[in-house]
There are 2 protein chains.
Amino acid sequence: MDIREIWKELGIDLERHDELLEALPEVYEEIFLSQENRPERMSYFDEVVADIHGARVRELYEMRQEGKPILGTFCVYVPEEIVLAAGGVCVGLCGGAEFPIPDAEKYLPRDLCPLIKSSFGFLVSRLCPYCQVATVIVGENTCDGKKKMYEIMSEHKDVYVMEMPQVKDEEGLEYWHEQLIKFKEFVEELSGNEITYESLLDAIERVNAKREAFRKLYELRKHDPAPISGRDANLIAQIAFYDDVDRFTEKVNELNEELEKRVEEGEGVAEEAPRILVAGTPMPIPHWKLLYVVESCGAVVVCEESCTGTRYFEREVSTEGDDVEDLIKNIAEAYMETKCAIFTPNDERVKDIIKKYKEWNCDGVILYNLKFCQPYAVEHSKIESRLREEGIPALKLESDYSEEDVEQLKTRIETFLESIA
Amino acid sequence: MDIREIWKELGIDLERHDELLEALPEVYEEIFLSQENRPERMSYFDEVVADIHGARVRELYEMRQEGKPILGTFCVYVPEEIVLAAGGVCVGLCGGAEFPIPDAEKYLPRDLCPLIKSSFGFLVSRLCPYCQVATVIVGENTCDGKKKMYEIMSEHKDVYVMEMPQVKDEEGLEYWHEQLIKFKEFVEELSGNEITYESLLDAIERVNAKREAFRKLYELRKHDPAPISGRDANLIAQIAFYDDVDRFTEKVNELNEELEKRVEEGEGVAEEAPRILVAGTPMPIPHWKLLYVVESCGAVVVCEESCTGTRYFEREVSTEGDDVEDLIKNIAEAYMETKCAIFTPNDERVKDIIKKYKEWNCDGVILYNLKFCQPYAVEHSKIESRLREEGIPALKLESDYSEEDVEQLKTRIETFLESIA
């Protein structure tokens, strides 16, 4: 079956979808392919992007034909392990492009973060085949914007919403644990498969292997010169959300081997470039603007404290325990460690940023915020002054998915880089 | 002791505080005192505003001298009953003026709701004597903006934060109930007084009496012509947050007697004026702009579905039960009925607005939103289309504490009123 046939069957607006994809190759060439001295094994990830709504959509479409549930997600709090254990698949949905935002603004206020508007816009404009192929969307009550957006989204597609605590105390963890038990029951009913100790343990091990591959990748980035650019590493994190778990892990490990050799040989992507830690809100495909601008200004991004970065892989789920209940508890505990700004207080995130700054041998921190994301915006005001107290150079930036502010960003970043040179 | 001496002792920035209060009499004259055919018994409330940082501050200052805890609050979810039962006082803090917002913007992002910025600004600029006299501030994790702001606020003053659920299911109610038990323990420790069945029952009855007075007042507004203007009724709701419970109840009841007579005699404030329901975010003193503009355009606001309106008084706490635990449970249940947009889903609010539109014989609904308040902004997008389906004329408005948009608001409101005439 031709991929266009599949798109058509999934209800994609083919004409506008063509328009959406039209600009991608050129942008990708400019941002990624034109990089000098790029690791060869980025070729897999290049292929994934080149066929962004193709091969993987076909896989998911076929799985769905086989009766496997496809759960569309927007957040690192949705536990992939539970979905895999029931024979399903978790797939991160589109939410990084400006293209469908005007469609979203017919339903949502403008003063909302671009990620939320884009995600919603992709659904109502039928431009995301991942969204179309999904059996159900799994939302989570993280921030106000998403929480309230899911209400409207559920008028257009089946949405299951996970409730989140806002405080990480004992009761918060207990509450979260209960939500995971509910979610497990939901996934079991949806798939018709019971989650067993064996299937859940296997799923945990597979997802842990993915995280482990990421950890290695990020460890390698601690070396000077960095063996891989920030935008490439970030691209990998973006792809992690929707690629097949095991294949993806294998490909990251293959890349890691190449990077290890580079490190041994002292080879890297940028000699004597200022090393930058970017901390903040996620950057879904194709929101490559910030890292591209930073690296175009002569710096190298060596770590992203973000959901498309360290927040994605740092939690390892323990495999200790004797039954499904124990394993679910392990998942609850591991996921609760994720330092999202929706939690209060979230001082551990400040400490974590300072620790990363040191461990990755950074010269400065960029606190990046998607416009109108209030939890991160307020938290960054606080973190900025903490970093200043520690003598860590920090630049607070806010942007969205448009291209309008590129020159302005460039000026601010150049000034910042000069100040830390 | 002269009130200026008290302000000084409380650490008020006297010079800027004079500036802050300077404009009030003129504005109050224009908006309130110049109204024609105003109920005589508004005089008490006029006196309260005329002496806005005076007599009540002195009372609280003296209570504090006597060792009574003063709990500063920003939200209708903080249970006044529990505070009163321990011999303390709840007092709503300043957060309705633009004056201290530039002070807040040194710490907080600009794209945050004016209520949050103003509240924080009043604290850091030492311009709110209620804040200065408070033993502690009680925050609540309602919206993202406040949740994260309290983190920074706690660097400047003692802040106790109540955690909130986001979903009103059984677990949400249980979680909330636990928070109230914790809050009770906190208040007991702060005051040194144990909360007994008798003291809590008495407090519940006193606060229920206040709510009952409000209910009567709002019932009277159902009559045509309305016996009182919207801005006057709203002013009373604003004052409710910081006045003495029993005195306030008495004064509202006295006013109600006068309004009853007016109703009997068919007397009112606006003959054949379009009747408007305003639904949305709270309007703390001196944020009188919206109701003033609406009424200046020839309409009369007959009901405010708002925290400074029906959401303040609608929940009655049951006095059933045999012990403190039962009464705390009653408080938890009653408070959880409040239909704030931070909850998801919140469909009961849509139904409630439609019900109020009918019961108050309205001609249109204004959905009012303080800028950057995302929970209400997203919810209003949804409600607007529901109201349209019901054939109810609705106007969605967004504003802040500045005066810049008054002409623009006027134009939009006039157009709306013409369309429903």
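Everything numeric in this text was worked out from a predicted model, so none of it was measured. Convention: sequence-line order gives letters A, B, ...; per-chain numbering from 1.
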Side chain to side chain, B:E171 and A:K182, heavy atoms closer than 4.5 Å: yes
Option in A:I342, A:D169, A:T344 with maximal non-hydrogen atom pairs under 4.5 Å from chain B: A:T344
Residues of residues 109-120 of chain B with a heavy atom under 4.5 Å from any heavy atom of chain A, in residue-number order, are B:P109, B:D111, B:L112
Using non-hydrogen atoms and a 4.5 Å limit, figure out which bit of A:E155 sits close to chain B: side chain, backbone, both or neither. side chain
Enumerate by number any residue of residues 140-147 of chain B whose heavy atoms lie under 4.5 Å from heavy atoms of chain A; in the absence of such residues, state 'none'. B:N141, B:T142, B:C143, B:D144, B:G145, B:K147
Going by residue number, which parts of residues 379-388 of chain B are within reach of chain A, meaning a heavy-atom gap below 4.5 Å? B:E379, B:S381, B:K382, B:R386
Would you say B:Q166's side chain and A:E163's backbone share a donor-acceptor pair under 3.5 angstrom? no
A quick test of your reading: do over 12 heavy atoms of other residues, nucleotides or ligands sit less than 6.0 Å from CD of B:E189? no
Has the side chain of B:Q374 got a donor or acceptor atom that lies under 3.5 Å from a matching backbone atom of A:F372? yes
What residues form a side-chain hydrogen bond (donor to acceptor under 3.5 Å, both in side chains) with B:T310, not counting sequence neighbours? none
For A:Q179, which atoms come within 4.5 Å of any heavy atom of chain B: side chain, backbone, both, or neither? side chain
B:K329 atom NZ: more than 12 heavy-atom contacts under 6.0 Å: no
Between B:E151 and A:N346 the two heavy atoms that sit nearest each other are OE2-N, 4.0 Å
At a heavy-atom separation under 4.5 Å, does A:F343 approach chain B through its side chain, its backbone, both, or neither? backbone
